[in-house]
Each structure stands twice: as C-alpha cells, then as structure tokens.
Q: 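If you scroll down you'll find the structure; I have some questions about it.
By convention here, the first residue in the shown sequence is residue 1. In each ligand, atom 1 is the first atom listed, and ligand 1 is the first ligand listed. Note that the structure is a prediction, hence the values are computed from the model and not measured.
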Amino acid sequence: MENKQTMIEVQDLCKSFHKLEVLKHISTNFYKNEVVSIIGPSGGGKSTFLRCLNLLEKPTSGKIIFDGTDICDKRQNKNIDLHRQKMGMVFQQFNLFNNMDVMRNLTVAPMRIKKMPKDEAESKAIELLKKVGLADRVSAYPSQLSGGQKQRIAIVRSLMMDPEVMLFDEPTSALDPEMIGEVLDVMKALAADGMTMIVVTHEMRFAREVAARTIFLADGKIEEDKPSHELFDNPESPRLVSFLQKVL
Ligand SMILES: Nc1ncnc2c1ncn2[C@@H]1O[C@H](COP(=O)(O)OP(=O)(O)OP(=O)(O)O)[C@@H](O)[C@H]1O
Ligand SMILES: [Mg+2]
C-alpha cells in the first residue's frame, strides 16, 4: 500500500437535477490498480456518480482530478473525448450495435477514433475474445448471443480502447442467474491483471471478495468507505446495517 498512485481524486462533488440534490459533497480517491465496489440503495446516486466520473453528466460543483487534470474545469472541455477514451464504461444494458457482427462491434471505435489499422484492430479483438472465451463467436450478431455473451463482448469492446480505468454500472443485473458467473469471472480476471475498476454492483460476494475497498453510497452521500471485509464484517452506520440485512 506504500506506493499508491492516485488515479482519480474526487473533491466535494455535487450534482443536482434542477432542485433535486442527487450527489452531496462526495470526496474520495481512486488509486491505480485498485478495485472498488460501490453499493447502496436504489436512487442513492450510484449511477449518477459513475456518469459524473466520465462526464456523461456534468457535475454541479466540485472537482474530479483525473491523471492530474481537473476534468470539470471548463478549460479542459476540448479534452473531454480524450478523458472519456481513458475510461471504459460497461452498463447494465450492453448497448452493442445490433446491425454489426462481433468483430465490427469491437473494431469500429479503435479504427475510427484511434485510427488503428484494421488488421491490428482485428488481431487485438481476437486476442481479447480468446481471453473471455468467445473467439468462436467473432462473426455472430448480437441477436445470436446470450446476455452473458453480450456482456462479455461489451467488456471486450471497452478493453479495445486500452482504458486506464473501467467503470461498471451493475453489469450483471440484466442477466439470467446462470450467466452472472461467467461475467463476474471475466471481471475477476481483469482485476487480477491489475485493471483499475470501479464497480457499482448488487453482487455482495463480488464486492467482498474481489474489491479491496467498498463504498456505501446512500442518499447522495458516502456513508462508509473502507476495506471491503471491514465494511461487511463490521458495518457502522445504521443505514448500512439495515441495507446489508436486506441484501445479504
Ligand atoms: N437525468 C436525470 N434527471 C433527473 N433526475 C435524475 C436523472 N438521473 C437520475 N436522476 C435521479 O437521481 C437520483 C439518483 O439516481 P441514480 O440513477 O444515480 O441512482 P442509483 O443509485 O444508480 O439507483 P439504482 O440502484 O436504482 O440504479 C434518483 O432520484 C433519480 O430519479
Ligand atoms: Mg443505477
């Protein structure tokens, strides 16, 4: 823990939608190679927080310092696309292009945005597909894939851009139970490879076993932010205690 390198520093982040305050003075740091889970009740602001991190939502106030740059600073606006490229995002709904086969889904962004040559993009796609056990589905269309396969492809699509950090928003909650394991296994392998990951999840076992740290976000505030085993074994705030009673 000595040489922790800060990747994202969140300072006093607030987000309102008109009069509704959704995020209330959030401050925390994310470190390189760290896996952090975010848990909490529905409507507490978890998705909004992730969406602020990659500027899909514009924070109302506060700072998000990513690789040393405050990405909320208006003078950085021209770099927003560059910051986003460094952050992979995986949603509950896979958002694959239904009119494109797997290979095209994977290669279109690196070729267009990063100007990666086609052969390089395709060999990278094959290499990553092998890692998630889907090299044989390279010509399939999304409609021919199961939910678990689609989500693994969506993860590969993010990895194609070589992100510095991956943000996951309930990546398994749209899946049939028997497919959750295959997606969590891919995420575990990514974590073991040293990927920096911020994971909003309902999978308490994943949070406890894979994420070194867990943040409990409720009513727009960080109620607890500590090593996962401590948070789960020794919850302090009454809200966390009652939340865990409901979900465990
Ligand atoms: N674009 C928006 N406009 C207005 N209100 C919004 C918008 N997005 C989110 N909200 C509100 O912000 C609050 C937090 O929503 P958010 O989706 O961040 O919660 P969550 O913790 O991800 O919940 P869940 O576990 O159900 O996914 C909710 O009250 C929601 O209705
Ligand atoms: Mg959400």
Side-chain angles (χ1 to χ4, degrees), residues 8 10-28 30 35-64 66 71-72 77 80 83-84 87-96 147-148 150-151 154-155 157-158 163 165-177 179-180 183-184 187 197-208 210-211 213-226 228 231-232 235-248:
I8 306 175
V10 181
Q11 294 178 0
D12 211 23
L13 177 72
C14 296
K15 173 67 183 172
S16 302
F17 295 104
H18 302 285
K19 288 196 171 152
L20 181 69
E21 281 184 79
V22 175
L23 299 178
K24 304 167 186 169
H25 306 282
I26 304 277
S27 297
T28 190
F30 298 101
V35 180
V36 180
S37 288
I38 302 177
I39 61 170
S42 180
K46 303 178 300 296
S47 296
T48 304
F49 179 55
L50 277 195
R51 292 168 60 81
C52 282
L53 289 182
N54 73 352
L55 299 179
L56 284 174
E57 296 289 357
K58 192 177 168 300
T60 307
S61 62
K63 288 183 179 174
I64 299 170
F66 178 44
I71 60 177
C72 303
N77 273 359
I80 283 183
H83 298 309
R84 282 218 189 101
M87 298 190 186
M89 179 105 188
V90 174
F91 301 91
Q92 179 178 335
Q93 295 302 339
F94 330 108
N95 301 333
L96 296 173
K150 278 190 256 201
Q151 193 60 300
I155 292 170
R157 182 180 52 177
S158 280
V165 51
M166 292 274 284
L167 312 178
F168 293 87
D169 193 354
E170 295 187 22
T172 59
S173 54
L175 300 176
D176 291 336
M179 291 171 190
I180 291 174
V183 172
L184 290 179
M187 292 170 65
M197 297 165 61
I198 305 173
V199 185
V200 171
T201 186
H202 287 151
E203 294 294 328
M204 296 301 143
R205 275 188 54 193
F206 179 89
R208 187 183 194 127
V210 183
R213 179 157 67 100
T214 295
I215 293 174
F216 176 59
L217 183 68
D219 192 24
K221 292 185 215 142
I222 292 183
E223 292 252 337
E224 297 204 23
D225 179 353
K226 54 169 82 144
S228 301
L231 182 136
F232 285 101
E236 286 176 291
S237 88
R239 293 192 78 147
L240 176 56
V241 172
S242 92
F243 176 77
L244 291 177
Q245 276 166 355
K246 278 182 214 137
V247 296
L248 287 181

Q: Among Lys15, Gln92, Lys46, Glu57, which one puts a heavy atom closest to atom 20 (P) of ligand 1?
A: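 The nearest heavy atom belongs to Lys46.
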Q: Quick one: look up the protein heavy atom nearest atom 31 (O) of ligand 1 and list residue, atom name and how far away it is.
A: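 Atom 31 (O) of ligand 1 sits closest to the protein heavy atom Leu20 CD2, 4.8 Å.
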Q: Relative to the heavy atoms of Gly44, which atoms of ligand 1 are at a distance of less than 4.0 Å?
A: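 Heavy-atom distances to Gly44 below 4.0 Å select 19 (O), 21 (O).
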Q: Are any of the N or O atoms of Gly43 closer than 3.5 Å to those of ligand 1?
A: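 Such a contact does occur with ligand 1.
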Q: Mind checking the CZ-CG spacing from Phe91 to Leu167? Nearest 0.5 Å is all I need.
A: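 Output value for this atom pair is 9.0 Å.
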Q: In the protein, which heavy atom is nearest to atom 26 (O) of ligand 1, and how far is it?
A: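 Answer, as residue, atom name and distance: Ser42 OG, 2.6 Å.
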Q: Please say whether Gly45 places an N or O atom under 3.5 Å from an N or O atom belonging to ligand 1.
A: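 There is such a contact, yes.
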Q: Which residue supplies the protein heavy atom nearest to atom 10 (N) of ligand 1, what is that atom called, and how far is it?
A: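 Nearest protein contact, heavy atoms only, for atom 10 (N) of ligand 1 is Phe17 CE1, 3.5 Å.
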Q: Which residue supplies the protein heavy atom nearest to atom 17 (O) of ligand 1, what is that atom called, and how far is it?
A: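 Nearest neighbour among protein heavy atoms for atom 17 (O) of ligand 1, to 0.1 Å: Ser47 CB, 3.7 Å.
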Q: Say whether Val22, considering both its backbone and side-chain N or O atoms, lies within less than 3.5 Å of an N or O atom on ligand 1.
A: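 No - when backbone and side-chain N and O of Val22 are compared with those of ligand 1, no distance drops under 3.5 Å.
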Q: I'd like to know whether Ile8 forms a side chain to side chain contact (heavy atoms under 4.5 Å, CB included) with Ile198, so could you lay out the CA-CA distance, the side-chain angles of the two residues, the decisive distance to 0.1 Å, and finally the verdict.
A: CA-CA 11 Å; Ile8 306 175; Ile198 305 173; 4.2 Å; yes
Q: N/O/S atom of Gln92 under 2.8 Å from the Mg ion (ligand 2), yes or no?
A: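 Under 2.8 Å: Gln92 has no N, O or S contact with the Mg ion (ligand 2).
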Q: Phe49 vs Phe30 aromatic rings, parallel, tilted or perpendicular, using cut-offs 30° and 60°?
A: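 Ring orientation of Phe49 relative to Phe30: tilted.
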Q: Is His202 in polar range of ligand 1, meaning some N or O pair under 3.5 Å apart?
A: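 No, His202 has no N/O under 3.5 Å of an N/O on ligand 1.
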Q: Is the shortest side-chain N to carboxylate O distance from Asp225 to Arg213 below 4.0 Å?
A: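 Counted as a salt bridge, because a side-chain N and a carboxylate O are separated by less than 4.0 Å.
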Q: Return yes when His18 approaches ligand 1 closer than 4.0 angstrom through a heavy atom, no otherwise.
A: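 Outside the 4.0 Å threshold, so no.
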Q: With backbone taken as N, CA, C and O and side chain as the heavy atoms from C-beta onward, which portion of Arg51 lies under 4.0 Å from ligand 1: side chain, backbone, both, or neither?
A: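 It is neither; nothing of Arg51 touches ligand 1.
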Q: Measure from the side-chain N and O atoms of Glu224 to the backbone N and O of Glu236, and report whether any donor-acceptor pair falls under 3.5 Å.
A: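 Yes, the answer is positive, given that a donor and an acceptor are paired below the 3.5 Å cut-off.
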Q: Which protein non-hydrogen atom lies closest to atom 27 (O) of ligand 1, naming both residue and atom, and how far is it?
A: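 Answer for atom 27 (O) of ligand 1: Glu170 OE2, 3.7 Å.
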Q: Shortest non-hydrogen contact from Pro59 to Lys15?
A: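 The answer is CA-CD, 4.2 Å.
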Q: Are more than 12 heavy atoms, taken from residues, nucleotides or ligands other than Lys63, located less than 6.0 Å from that residue's NZ atom?
A: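 Not more than 12 within 6.0 Å, no.
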Q: What's the shortest distance from atom 15 (O) of ligand 1 to any protein heavy atom, and which residue and atom give it?
A: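 Here the closest protein heavy atom is Thr48 OG1, 3.8 Å.
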Q: Tell me if a side-chain donor or acceptor on Gln151 pairs with a main-chain N or O of Pro171 at a distance below 3.5 Å.
A: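 It does hold such a pair.
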Q: If only atom types and distance count, is the side chain of Lys46 paired as donor or acceptor with the main-chain N or O of Pro41 below 3.5 Å?
A: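 Checked: pair present.
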Q: Testing Ile215, Ile39, Thr214 one by one against Ser228 for a side-chain contact (heavy atoms from CB on, under 4.5 Å), which residue passes?
A: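 Single side-chain contact (heavy atoms from CB on, under 4.5 Å) partner of Ser228 among Ile215, Ile39, Thr214: Thr214.
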